[in-house]
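Throughout, protein chains are lettered first and strands after them, A, B, ... in sequence-line order, and every chain is numbered starting at 1. Below, each value reflects all heavy atoms present in this structure, side chains not excepted, and no hydrogens, waters or symmetry copies.
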Number of protein chains: 2
Amino acid sequence: MVRLKDIAEKANVSTATVSYVINNTGNISKETREKVLRVLEELNYKPNQVARSLKNKKTRTIGVIVEDITVFNAPEIIDGINSYAEKHGFSILLTNLRIYKRIGNNYHEIEKCKDLIESAMDELLSQQVDGIIYIGVHIRDVTGLVQESNKPIVYTYCYTSSPKDYSVNFDDELATYEITNYLIEMGHRKIALISGLIDSFPSHQRFLGYHRALMEKQLLFNPVFVKTGDWQYESGYRMAKELLELQEKPTAIIAMNDVMAGGVLEACRELNIKVPDELSIVGFDDREFGIYFLPKLTTMRLPLDEMGLLSMKKMIKLLDQDKEVDYETKVKCQLVQRESVSSPSGLIV
Amino acid sequence: MVRLKDIAEKANVSTATVSYVINNTGNISKETREKVLRVLEELNYKPNQVARSLKNKKTRTIGVIVEDITVFNAPEIIDGINSYAEKHGFSILLTNLRIYKRIGNNYHEIEKCKDLIESAMDELLSQQVDGIIYIGVHIRDVTGLVQESNKPIVYTYCYTSSPKDYSVNFDDELATYEITNYLIEMGHRKIALISGLIDSFPSHQRFLGYHRALMEKQLLFNPVFVKTGDWQYESGYRMAKELLELQEKPTAIIAMNDVMAGGVLEACRELNIKVPDELSIVGFDDREFGIYFLPKLTTMRLPLDEMGLLSMKKMIKLLDQDKEVDYETKVKCQLVQRESVSSPSGLIV
DNA sequence: TTGTATGCGTTATCAA
DNA sequence: TTGATAACGCATACAA
């Protein structure tokens, strides 16, 4: 390992001088600068970041706590964080809580993970990270899970109840508003909605977007067309069956995620209903498997990489003591038009 | 920030003493130990790992370079690395090369990434990581891409031509051997194979396993039943069509990945061939979308988390100067039986 | 059993 | 324009 001292000796200067030329601080004559530069090159010097960090009391390292990296949202968010971090000379210390393997779908047991999160935080703080980005597995309230600290924290794919915490999420309300509008423009008037668990924030927001679109277009809001699922395949299947056995069937169904949309498709196969000719279906999330559905699923793409990128951007602003940092950031989703939507049969648009 | 010194002052002992009790080194009387412990607790002391690392010349941090974290294999491998690392008090410094976004499917352009990889390595080395785990996006030869260094490197989901490099992969040959055997046991005699690109190592190995199974069971090896695809959906579709238009059709098709198996299924739908009644299909990879196929895809699960775990295990052994570390590790894949395989029609087993 | 003092590789203050 | 030196927080050799 080559140290500053080695460079200094070989170049016949002091370590201070070498440090000056490396960091472009101080006034160094052109000759010494070039001499030092030459030796630096020659010995292939790489600064020891650990020593630097100790001296500077800054590590240019961000701790990323991800609730579960095997869940579909995580990799792209991390990708976004990484890309921005790399561009600005920051490193990522990754901690994976693996909560999915630990508590499965019982998110109410998340409290059990409090110790886990605390020790993850302690570990990262101990490593002197400059800040922490917390990535949830579901958009939900994580208030109280993460201990306070004097380092900035940015939450993404989750939120807290405190208005003074920093978060980056996507705009649920706008997303379903746009889906609903899209269906209305395609000529649909009887649009059903299969919701996720009713006590979840995204379910609520997405319902609001759906409702707003109907109201703005002065369409009838029919409560019978709103069903509550639990995000799982089977509930999509079951709710679709209920909807399709109605006296007055919907001509389109919005499922609040792609998994439930899969269930809707199965119900259609069973009831021999042609998609999209007799029923249009829109999912949510743009999971990879959607392109393998028959027909290919029209859905809402989550701006995951952008969320990651903006989280990191926000973090750096915070570290730069920027005063103009928004607490809450909402990113727009993008409709992905594939094959599961058409105008309702009999209608010529 | 609370330092050793603060503890020492408050407890009326020297910093050395505090250090001794924290690290359980030296002989400390029960009383002083307890006194120090109390102050430690009281001030909620967290050791500064940066200072520690500088002193110890060890960071207990492993650099993980992943060619692309958004590719399906990466998250689970990282998960495995994480779980083992956490258990042994190691941290993960993650670098994502994002080569998929940079060069797409043109893996021959990987040379272009050499600079990228080099700067990633330099960065990690500069951070004084104790070792590096390199995760590829495809099982392929990465010789020469990663520069030498005095720190141990473990390659996973890729390999090098040097027999003295450390690697962890899955056993391709055994996997197709088992698939083929499984189909033979189900009563199939005419088993076709749709290969990936022919110049790839996994394609070659998997062919070998297929061939060995046929030979051992003294079945005819029919070259007409072996088709070369390019890992993509469309090639699976095209090759399946060729196979199913043969005078003597196969009763089973093994596709070397799930994506191509999807293409095979599409060909079957088009030709009105019932799966699995008239044709059995086995994929490879156990991608998430396989359960949404009709019928659900029988496939080979990749032991990704185990590969990650074993990579980290190997790394720690290397750091412990263990002499008995295998250069090459091969992990067994697991057949996942779902609905796309049955005995050939007309046959009662 | 405990304390003093040095050094890990840097940066930066201050003096020359 | 350059150099000597202290300090960052910790671990440890050696002295007491």
Legend entry - Nearest heavy-atom neighbours spanning A:S126 and B:P47: OG-O, 2.6 Å

Legend entry - Segment of DNA chain D, first to last nucleotide, that comes within the 4.0 Å heavy-atom reach of chain B: D:dG9 to D:dC14

Legend entry - A:I62 to A:L319 - nearest heavy-atom pair and separation: CD1-CD1, 3.9 Å

Legend entry - Pair B:D130 + B:R60: basic N to acidic O under 4.0 Å: no

Inset, instruction - Would you mind classifying the nucleic acid contact of A:L4 as base, sugar-phosphate or nothing, using non-hydrogen atoms under 4.0 angstrom? - result: base

Inset, instruction - Give the rounded distance in Å between these two atoms: CD of B:E9 and C1' of C:dG3. - result: 14 Å

Legend entry - Nearest heavy atoms of A:N96 and B:E86, plus distance in Å: O-OE1, 4.0 Å

Inset, instruction - Kindly give the heavy-atom pair with the smallest separation between B:Q147 and B:I153, and that separation in Å. - result: O-CD1, 4.0 Å

Inset, instruction - Examine the side chains of A:K58 and A:S53 and answer whether a donor and an acceptor come within less than 3.5 Å of each other. - result: no

Legend entry - Estimated bend of the helix from C:dT1-D:dA16 to C:dA16-D:dT1 (axis per five terminal pairs, rounded to 10 degrees): 50°

Inset, instruction - Report yes or no: does A:N23 contribute a side-chain atom to a donor-acceptor pair with the main-chain N or O of A:T25 at less than 3.5 Å? - result: no

Legend entry - Test item: A:Y327 and A:S167 side chains (from C-beta on) under 4.5 Å apart, heavy atoms: no

Inset, instruction - Indicate yes or no: does A:R140 engage A:E67 in a salt bridge with an N to O separation below 4.0 Å. - result: yes

Using nucleotides 13-16 of chain C, report all nitrogen or oxygen pairs with the protein that are shorter than 3.5 Å.
from: C:dT13; atom 1: O4; to: A:Y20; atom 2: OH; distance (Å): 2.7

Legend entry - Where B:N169 and B:I139 come nearest, the two heavy atoms and their spacing: OD1-CD1, 3.4 Å

Legend entry - Sub-4.0 Å heavy-atom contacts from residues 119-128 of chain A onto DNA chain D, ordered by number: none

Legend entry - Heavy-atom closest pair, residues B:N82 and A:T95: OD1-CA, 4.4 Å

Inset, instruction - Report which part of the nucleic acid A:T25 touches: base, sugar-phosphate, or nothing (heavy-atom distance under 4.0 Å, all strands). - result: nothing

Inset, instruction - Starting at atom CG of B:N12, determine the distance to atom P of C:dT2, rounded to an integer number of angstrom. - result: 13 Å

Inset, instruction - Check whether any side-chain nitrogen or oxygen of B:S29 sits under 4.0 Å from OP1 or OP2 of C:dT2, and answer yes or no. - result: yes

Inset, instruction - Give a yes or no on this: more than 12 heavy atoms of other residues, nucleotides or ligands lie within 6.0 Å of atom NZ of B:K101. - result: yes

Legend entry - Worked verdict on B:T143 versus B:S161 for side chain to side chain donor-acceptor pair (under 3.5 Å): CA-CA 6 Å; B:T143 308; B:S161 57; 3.1 Å; yes

Inset, instruction - Check DNA chain D against residues 45-62 of chain B and give the residues with a non-hydrogen atom under 4.0 Å, in numerical order. - result: B:Y45, B:P47, B:N48, B:A51, B:R52, B:K55, B:N56

Inset, instruction - Check whether more than 12 heavy atoms from other residues, nucleotides or ligands sit under 6.0 Å from atom NZ of A:K10, and answer yes or no. - result: no

Legend entry - Polar side-chain atom of A:D326 near backbone of A:E328 as donor-acceptor pair, under 3.5 Å: no

Inset, instruction - Output yes when at least one side-chain N/O atom of B:N27 is less than 4.0 Å from OP1 or OP2 of C:dT2, else no. - result: no

Inset, instruction - Only pairs at least two apart or in different chains count here, so list each ring-ring contact (aromatic ring centres under 6.0 Å, His included) that has a residue in residues 59-98 of chain A. - result: A:Y84-A:H88

